[in-house]
Peer 1: 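Here it is, the structure in full.
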There are 2 protein chains.
Amino acid sequence: MNRGDAFDPSCPTRVVLDRIGDKWTVLVIGALQDGPLRFTALRARVGGVAAKVLTQTLRAMERDGLLTRTVHAQVPPRVDYELTPLGASLTAPIATLTDWAETHLSAILAARDDYDAELGAR
Amino acid sequence: MNRGDAFDPSCPTRVVLDRIGDKWTVLVIGALQDGPLRFTALRARVGGVAAKVLTQTLRAMERDGLLTRTVHAQVPPRVDYELTPLGASLTAPIATLTDWAETHLSAILAARDDYDAELGAR
DNA sequence: CAGCATCCGTTCTGATACTG
DNA sequence: CAGTATCAGAACGGATGCTG
């Protein structure tokens, strides 16, 4: 494996990790899994996102080809967001991660308790 | 799927994502895959990390039971870091992600070029 | 409705200097 | 050697107000 991958912005691992590491991206993908949503609906579904931050997340994902942004020429404006096949294919790796997380959560939490308990004892 | 998972700090997905999303954690796991390393060696291998940040990363990973920190009673001091089975098992999901990244990198980069080109055209 | 501009508080990062 | 302490700068997140 290439050790320096995290420093090369074009490294695939880095690119994907930056996107996955973002709190909202994963939520957005989850929210759009069942079909397209417009901005407000998406925001309501994700919950707790500031409009600005949602927009940023959406733009970044659009730029990376993970979703499409469709502006309907209407008044009032209407914008639909929908996962591309590429974006949808990301759900698989995410699921792998989620599975691992669910499987090992108890171990992680137990390790934390141990660690914190020892710290407190000192 | 639970929509609110990102807001529950104890949610497995959140816990793991926070750790994976961290630039250094993935690098550290990669660096320790072949066996234990002491602090300086680890730092050299990862490259470009400030000592403070490495320490923070290591502590967080230790707390989560991903690696062990062994202090040898010597002068000069010597501290070894080694992946636990739990930490080692994380390499699998990471590999899944990396595979996806490598497979789809060209698509992502192409999408970016398109996006940026259209932006520049305006 | 969608989202851009602006502002502000918080967090994160990294460099530097110092200690057991 | 392996940190800890301190601190300034950058990046981020989020709230608010305004526009097509």
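Order of the sequence lines fixes the chain letters, A, B, ..., with proteins taken first and strands second; residue numbering starts at 1 for each chain.
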Peer 1: Could you check how far CZ of B:Arg59 sits from C1' of D:dG3, rounded to whole Å?
Peer 2: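 Nearest whole value for this atom pair: 8 Å.
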Peer 1: To the nearest Å, how far apart are B:Asp80 CG and D:dC1 P?
Peer 2: 14 Å
Peer 1: Has the side chain of A:Arg69 got a donor or acceptor atom that lies under 3.5 Å from a matching backbone atom of A:Arg59?
Peer 2: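 Pair absent, no side-chain N/O of A:Arg69 close to backbone of A:Arg59.
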Peer 1: Could you check how far CG of A:Leu54 sits from C1' of C:dG3, rounded to whole Å?
Peer 2: 11 Å
Peer 1: Measure the distance from CH2 on B:Trp24 to C1' on C:dG14 and round it to the nearest whole Å.
Peer 2: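 Distance check: B:Trp24 CH2 to C:dG14 C1' gives 10 Å.
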Peer 1: B:Gln56 CD to D:dG3 C1': how many Å, rounded?
Peer 2: 12 Å
Peer 1: Given 3.5 Å as the limit, does a donor-acceptor pair link the side chain of B:Thr96 with the main chain of B:Ala92, or not?
Peer 2: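 Side chain of B:Thr96 to backbone of B:Ala92: a pair is present.
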Peer 1: Can you check the B:Tyr81 OH to D:dC1 P distance for me, whole Å?
Peer 2: 15 Å
Peer 1: Quick check: do B:Leu67 and B:Val28 have side-chain heavy atoms less than 4.5 Å from each other?
Peer 2: yes
Peer 1: Any ion pair linking A:Asp114 and A:Arg112 (charged N to carboxylate O, less than 4.0 Å)?
Peer 2: no
Peer 1: Would you mind reading off the distance between B:Lys52 atom NZ and D:dG3 atom C1', rounded to a whole angstrom?
Peer 2: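 The distance from NZ of B:Lys52 to C1' of D:dG3 comes to 13 Å, rounded to the nearest Å.
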Peer 1: Rounded to the nearest angstrom, tell me the gap between atom NZ in A:Lys23 and atom P in D:dG13.
Peer 2: 9 Å
Peer 1: Within less than 4.0 Å of OP1 or OP2 of D:dA2, is there a side-chain N or O belonging to B:Arg38?
Peer 2: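 Affirmative; the distance criterion is met.
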Peer 1: Of A:Pro77 and A:Asp22, whose nearest nucleotide on DNA chain D comes first from the 5' end?
Peer 2: A:Asp22
Peer 1: Which residue lies toward the 5' end of DNA chain D, A:Ala50 or B:Arg69, if each is placed at its nearest nucleotide?
Peer 2: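 Nearer the 5' end of the strand: B:Arg69.
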